[in-house]
Structure formats: C-alpha cells, structure tokens
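Just follow the structure's listing: the first ligand is 1, and inside any ligand the first atom is 1. Worth saying up front: this structure is predicted, and the values here are computed from it rather than measured.
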Amino acid sequence: MRPSTAFSTLLAGNSFGDPSVNATYDYIIVGAGLAGSIVASRIAEALPNMTVAVVEAGSFYEISNGNYSQIPYYSTMYTGPEPEDYQPLIDWGIFTEPIAGAAGRVQHYAQGKTLGGSSARNQMIYHRGTKGWYGAIANVTGDDAYQWDNMLPFMKKSFNFTAPDMEYRAQNLSANFTISTFDVSDGPVHLSYPKWAPSLSSYGAEAYAAAGLKPNDGFANGDLLGYGFWPVTLRPDDSTRSSTEVAFLSRTAAQTSMKIYQSSMVRNILFDSNKRATGVNVTNAGERPFTLSARKEVIVSSGFIHSPQLLMVSGIGPREQLERFDINVISDLPGVGQNLRDTPNIGAIVHSMNLPSKNAWTQAPNGYEIANDMYLTNGSGPLSNPASDFAGWDKFPAQYTANMTQTTKDFLAALPSDWPNVEYVLSASGTASAEGSSMGNTGSIGCLLTSTTSAGNISLQSSSNAVAPLLHIGWLDSQEDQEIAVAAYRRAREIASHVPVFGEELVPGKNVSTDAQILNYIKTKGVTDIHHGAATCAMGRDPNRGAVVDSKARVFGVKGLRVIDTSSLPFTAPGHTQGVTYAHAEKLAMDVIDAAVEV
Ligand SMILES: Cc1cc2nc3c(=O)[nH]c(=O)nc-3n(C[C@H](O)[C@H](O)[C@H](O)COP(=O)(O)OP(=O)(O)OC[C@H]3O[C@@H](n4cnc5c(N)ncnc54)[C@H](O)[C@@H]3O)c2cc1C
C-alpha cells in the first residue's frame, strides 16, 4: 500500500504553529475537521496576503489509529454505542444522557478528534442533499443562495469522481450499473466505489423495485428517492480513506503559509468591548496556555457538539444557562445548543441468508492473509469496502400512513416531495443489529429515519470546555417519530420479503407484530447511533426564534465570528451528513473570501 500522502510535500516545520507561543493571524479556524479543513484551506489559497491558522484538538489519525482509520473495512472500529468502543486518541468520548426513546440507555456517541475530524472516522458514504431540502434552507434563511441550482457548484467543488471498477467488483457482484450524474473532476476529495461488493447487493435492485422504489443513479441529482449503490469518499487506486486531512490540509499546507496547531484545544473565544471576536485561548493537553489573536475573523468549525459548547463557555448562548455557570453574557442567544437534529438508526430486520455474510471471509482458512494480499496488491477485496453499499430512500406508500395520527400525517405531507421518510440499507451482515451478530449467515434491511420532529440539545455542566457538555440526543421523543419508526419496520419487512436469498426473519422475529411490540423492540434493542447530529447553532433569520447565525454563518449579536460546520445547518441532512457539510463549508468559505475582497 502506498504510504499516507499527509504532508508528504512539506513534511514538517513550516506547516505547524509553535505551541505555547502567542501569535497573531488574520483568520483563526477552530477545528480542523471536515468543514474546518476546507474553510482554512480555501481561505489560505484564495487570500495569499492573509495569514491563516487552524487549531485542532486531535492529531494525525494515521499515527493515532493507524490502519483502522485508513482501511475502509475497519471504519466502524471504535464507533459503537458501548463504552469500550471508544478510542481516546481520535475520539472525544462523548456519552449521551439516558435516552428515553432508547429505554433509558446511555450510549457512546463517536465524534472525530483528529485532523480531518469525523471525515476521518466516518463510513465514507456520500450523497448530495435534495432540491426540496435546499429550498427549505433558502426558506428559513430568506437567502436564495441556498437553492439547489446555486449550491450545485459548491456540491461539486470538493470532489473528483472515478467510476466503479467492474473488473474487480464483478468478482463478487452480478449487478452492473452505470453512473452518469457525477460531472465532477477537479476537487481534491476522491469519490468512487470499493473494489469489492457484498454478493447480496446483486439482489438489491430486484427487491427494492418489487417494493415499488425506482432506480436512483448515484443519489446526486437532487432527488434522493429510489435505490442504488452509493459512492464513498475513497481513493480509487489504493482504496484508502479520502479525508479532508489528506485531501485539503496536506495539499494546502504544502502550497501556502497556513499554520496548523495540532493537539491544541481552543478553550474560549476572546472579545473586545465592541463585541468583536479578537482571538482564542488555547492549551496543549491542558498545559502551557497561549493566545492566538485574529485581525479579521474567528471561525468556529468544532462540530455539532463542541461548537455550541465553545460559544457558550465564551459568553454566547441562553442567558439563564450562562449565568448559572457565572459566564459573562456577550450575546444572549437562546438557540445555542438547541434544535439538535439527528437521523436515528432504529435497527434492522435480520434474516437468515443462503449467501455468505459480509464477514464470512474472516472465518475462512487464511481469510485474513488472502484479504490483506488483495488489498495490498491492488486495493481490492473485502478490506476495500467500508460497510454495506446498497440502499434506498423512500416515502411511505399510502397504506403505511393510513393509521397514523393526523399530526404525523400532516408533518409528512408538508415535507418536500424529494425529502424521504426513511433510508433502507441492505446489508450482508447481521451485525446491523446487536442481536443478529452471532446467528450465522444473515442479511438485513436497516432503517434510518430521515424525517423526524424530535429535537435534542447540548447544554453545559461546567463553565470550562475541558468538561464534556451534556448531550440530550432526543431520539424518538416525539409521537410522530415513534409512529414513523413503526411504519419503517413494517415497510422494511415488505422490502425484505422480496430479497430472494433471505430465509426466515430472525430479528425481531414474526412474534413482534403489533405496533406496540414493534415500538417496544425498537426502543429496547433497535435504536442506536448513526452520527448525523446537526443544527445546534442553526442558521436562520431571527435570533429570538432560535437562529444562532445568519445565512452567511455570522453569529448574531457579535462581530468577526462565524460558525461553519454541521452545527450551522438549520436541520440535518435527509440521509447522511458529510455530503451536505462539504457543500456548506465550500459555500461559506466563499462568503468569507468575498467579504475580505469587498473591503
Ligand atoms: C463514526 C461516524 C460515522 C459517520 N459516517 C458517515 C457516513 O458514512 N456518511 C456521511 O455522510 N456522514 C457520516 N458521518 C457524519 C459526518 O462525518 C459528519 O457529519 C461530519 O464530519 C461533520 O463535520 P464537522 O466539520 O461539522 O465536524 P467534524 O468533522 O467532527 O470536525 C470537528 C473538529 O473540531 C475539533 N474540535 C472540537 N472542539 C475543538 C476545540 N475546542 N479546539 C480545537 N479543535 C476542536 C474536533 O476535534 C474535530 O476534528 C459519520 C460520523 C461519525 C462520527
């Protein structure tokens, strides 16, 4: 395998800031995650006369988590809900408050703490948002820049695309397919398909079509409804992860004067008497505090949990909460940390299957040797595939909504026509459900709720961000979401009935059949993390109605401060979050650059 390309051109020294030494830059970006790496890189490239520093609490995942981060098959390592599935060198170790919708469970909620952020932790699944979803953002912000046609150049900007290599995929997959919607070629992040596919995926099109879904060519044309293979953020040559660290930071650090502060945590934002953000206080592993001053702007890109926390410990947030911790109120913004939206994974219908499970190769004699050899020779084989690779997005057919309450019907009816209710994931692995993991060869249809009304929140338990905030995740809090979850299981059962290689339903089992039984099963055993939290510093028009930033991500009530990451989306994606976060960061980086040029 080729070595990581991280910082290969300009290896050390010049690319990194001096820890513990006060310094001044024009722009300071807090968090070198998915969005922060893009924002820092684009500003440094476009404004060569300006100085840029990006400050990241984590370090290099290639060192901190080795091959587990780079090889797709291992992408789910250390991301599960259990306390022991937490790797402190690359993860924040956030645990939820007891989740009422999950029968009171407390779960680990993985979040990247590394250069590249959660782009270095995710399962690499990529798709674009929808036309109706972007229209809804334009509506809440009053800014037509968010309409699909205007956002399309930003959706394309980060990426280059390589079509699926059927020579390798066909070794295990009979389904051929074409992709015509990806007209992207110049961006630094690689979008492609693994050089291996679970053989179960060969039956996906037949099953989803029989249930009434239509084919969807790459999930990139503004309408998510339908089924198909999703692309992943993967280098097509050696099948290593394409994160924003390798795609953006390493390239920009080599070509510009941008400085990276790694293993450095921003503790609070500083303001002058005019409420202008003037810099940040930083520590390395809690020691040797130093100050980075900003001549132009501070940009917070710390993710949906830590961005609102950083605002609050710096004096921006709900007055009552800040005063409870004796934090001086700079801007009383009731929406900070509120409006948390997620797309809960409510579990899976698991069947016995007369095909090998995704992990069956690990049991074969010399299984690992063969897989390693394929991967190291040409990036092929099971190690090249991060997870399942076939899914469908769907709106409920009428018979599934007939018995819902009027409130739920009204909510679903008000959604744009291309905004799906549920994502159904075909997986050759019973591990999609904790119960199905030891049942032999199993396949499953997993369910992710993509239209929900429940909202969680982030709140403080200390005036210091060295103490984790409280995460109330909010899954299934609302009556609407509970009804949608039950309908999703029923619809998943219908899709599963059309998969010709599926046998008996093992989980939850046919004896779980009434609405009450299904809901109880989902709460006690089904619902779990999928890591799509968003909207805790929501974009909007009116700070008195929960908006934290305006349509250019400027924080209300202060100057020189923006929030650019998943937290400033007004609602989470109608599916997985990374695609829309790439576009969000590219668009808002351009707003920062335009503002500098206009002065
Ligand atoms: C395990 C997992 C699997 C996922 N799978 C998928 C998937 O397959 N497809 C998909 O579309 N989406 C997926 N996602 C979601 C997607 O990756 C995230 O929504 C996205 O990366 C969020 O981008 P962000 O810039 O908002 O935050 P992040 O990428 O998380 O970046 C925030 C960065 O800020 C840093 N930071 C925070 N506080 C401070 C501070 N005070 N000082 C300095 N640095 C700080 C963090 O360490 C981190 O690096 C997944 C996420 C996870 C965690």
Side-chain angles (χ1 to χ4, degrees), residues 28-39 54-59 61 69 72 75-81 85 87 90-92 94 108-129 219 230-234 241 243-245 249 261-269 280-284 292 300-311 313-314 342-343 345 386-389 391 423 425 448 464-466 468-469 529-537 563-569 572-573 575-582 584-585:
I28 294 171
I29 292 87
V30 184
L34 193 159
S37 299
I38 297 173
V39 172
V54 57
V55 188
E56 168 56 47
S59 184
Y61 61 84
S69 290
S75 63
T76 52
M77 288 281 291
Y78 303 126
T79 65
D85 215 4
Q87 210 276 47
I90 51 158
D91 189 273
W92 283 91
I94 300 287
H108 169 225
Y109 198 104
Q111 283 291 280
K113 182 183 185 182
T114 176
L115 296 164
S118 299
S119 81
R121 305 286 320 276
N122 65 28
Q123 284 184 267
M124 312 182 199
I125 297 158
Y126 175 88
H127 62 82
R128 291 178 182 161
F219 304 116
W230 54 43
V232 285
T233 40
L234 178 74
R241 176 187 293 278
S243 71
T244 56
E245 185 241 277
L249 289 182
Y261 289 79
Q262 53 95 21
S263 302
S264 300
M265 181 173 175
V266 169
R267 303 302 298 276
N268 64 306
I269 305 162
V280 293
N281 283 327
V282 188
T283 58
N284 300 113
L292 299 178
V300 176
S301 299
S302 306
F304 86 98
I305 294 174
H306 295 96
S307 285
Q309 183 194 26
L310 182 61
L311 292 192
V313 299
S314 306
D342 203 353
T343 55
N345 171 1
S388 326
D389 60 2
E423 177 184 355
V425 180
L448 273 58
S464 164
N465 70 346
D529 309 4
I530 196 73
H531 312 107
H532 295 158
T536 47
C537 298
V563 179
I564 304 181
D565 60 16
T566 328
S567 74
S568 56
L569 294 167
T572 195
H576 305 256
T577 22
Q578 74 162 339
V580 299
T581 308
Y582 275 99
H584 190 62

What about [X]: any of its N or O atoms under 3.5 Å from an N or O on ligand 1?
X      : value
Ala35  : yes
Thr114 : yes
Thr581 : no
Thr566 : yes
Ala32  : no
Gln578 : yes

Please report which non-hydrogen protein atom sits nearest to [atom], along with the residue it belongs to and the distance in Å to one decimal place.
atom                    : result
atom 36 (N) of ligand 1 : Trp92 CZ2, 3.7 Å
atom 51 (C) of ligand 1 : His531 CB, 3.4 Å
atom 16 (C) of ligand 1 : Thr577 OG1, 3.8 Å
atom 41 (N) of ligand 1 : Val266 O, 3.0 Å
atom 27 (O) of ligand 1 : Gly303 CA, 3.6 Å
atom 4 (C) of ligand 1  : Asn122 CB, 3.0 Å
atom 9 (N) of ligand 1  : Ile125 O, 2.9 Å
atom 31 (O) of ligand 1 : Gly33 CA, 3.2 Å

N/O donor-acceptor pair under 3.5 Å between [X] side chain and [Y] backbone:
X      : Y      : value
Arg241 : Ser69  : yes
Thr581 : Gly579 : no
Ser37  : Ala32  : yes

Checklist entry - Just checking, any donor-acceptor pair under 3.5 angstrom between side chains of Thr233 and Tyr582? => result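 No.
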Check each atom of ligand 1 against the heavy atoms of [X] and keep those under 4.0 Å away; list them by number with element.
X      : value
Gly112 : 46 (C), 47 (O), 48 (C), 49 (O)
Ser301 : 32 (C), 33 (C), 34 (O)
Ser264 : 43 (C)
Gln123 : 3 (C), 4 (C), 5 (N), 6 (C), 7 (C), 8 (O)
Thr79  : 1 (C)
Ser119 : 21 (O)

Next on the checklist: Testing Leu292, Ile269, Val300 one by one against Ile28 for a side-chain contact (heavy atoms from CB on, under 4.5 Å), which residue passes?
Outcome noted: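 Of the listed residues Leu292, Ile269, Val300, the side-chain contact (heavy atoms from CB on, under 4.5 Å) partner of Ile28 is Leu292.
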Checklist entry - Hey, does Thr79 have a side-chain heavy atom less than 4.5 Å from the side chain of Arg121? => result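 Contact flag for Arg121/Thr79 side chains = yes.
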Nearest heavy-atom pair of [X] and [Y]: which atoms, and what distance?
X      : Y      : answer
Pro469 : Ile94  : CD-CD1, 4.2 Å
Ala468 : Gln309 : C-NE2, 4.0 Å
Ser75  : Gln123 : OG-CG, 3.7 Å
Thr114 : Ser59  : OG1-O, 2.9 Å
Gly303 : Asp565 : N-OD2, 2.8 Å
Val425 : Ala391 : CA-CB, 4.2 Å

Name the option, out of [options], that contains the heavy atom nearest to [atom].
atom                    : options                      : result
atom 44 (N) of ligand 1 : Ser37, Gly58, Ala57          : Ala57
atom 28 (P) of ligand 1 : Gly31, Ser118, Ala110        : Ser118
atom 20 (C) of ligand 1 : Leu34, Val30, Leu569, Ile305 : Leu34

Checklist entry - Pick one: which of His531, Glu423, His127 meets side chain to side chain donor-acceptor pair (under 3.5 Å) with His576? => result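 The option that passes is Glu423.
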Item to check | Positive for side chain to side chain donor-acceptor pair (under 3.5 Å) with His108, one of Asp85, Asp529, Asp91 | outcome: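 That would be Asp91; it is the only one of Asp85, Asp529, Asp91 passing the side chain to side chain donor-acceptor pair (under 3.5 Å) with His108.
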Once you restrict to heavy atoms under 4.0 Å, what part of [X] touches ligand 1? Side chain, backbone, both or neither.
X      : answer
Val55  : backbone
His576 : both
Met124 : backbone

Checklist entry - With under 30° as parallel and over 60° as perpendicular, where do the rings of Tyr109 and Phe304 fit, or are they tilted in between? => result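 Rings of Tyr109 and Phe304: perpendicular, as their planes differ by over 60°.
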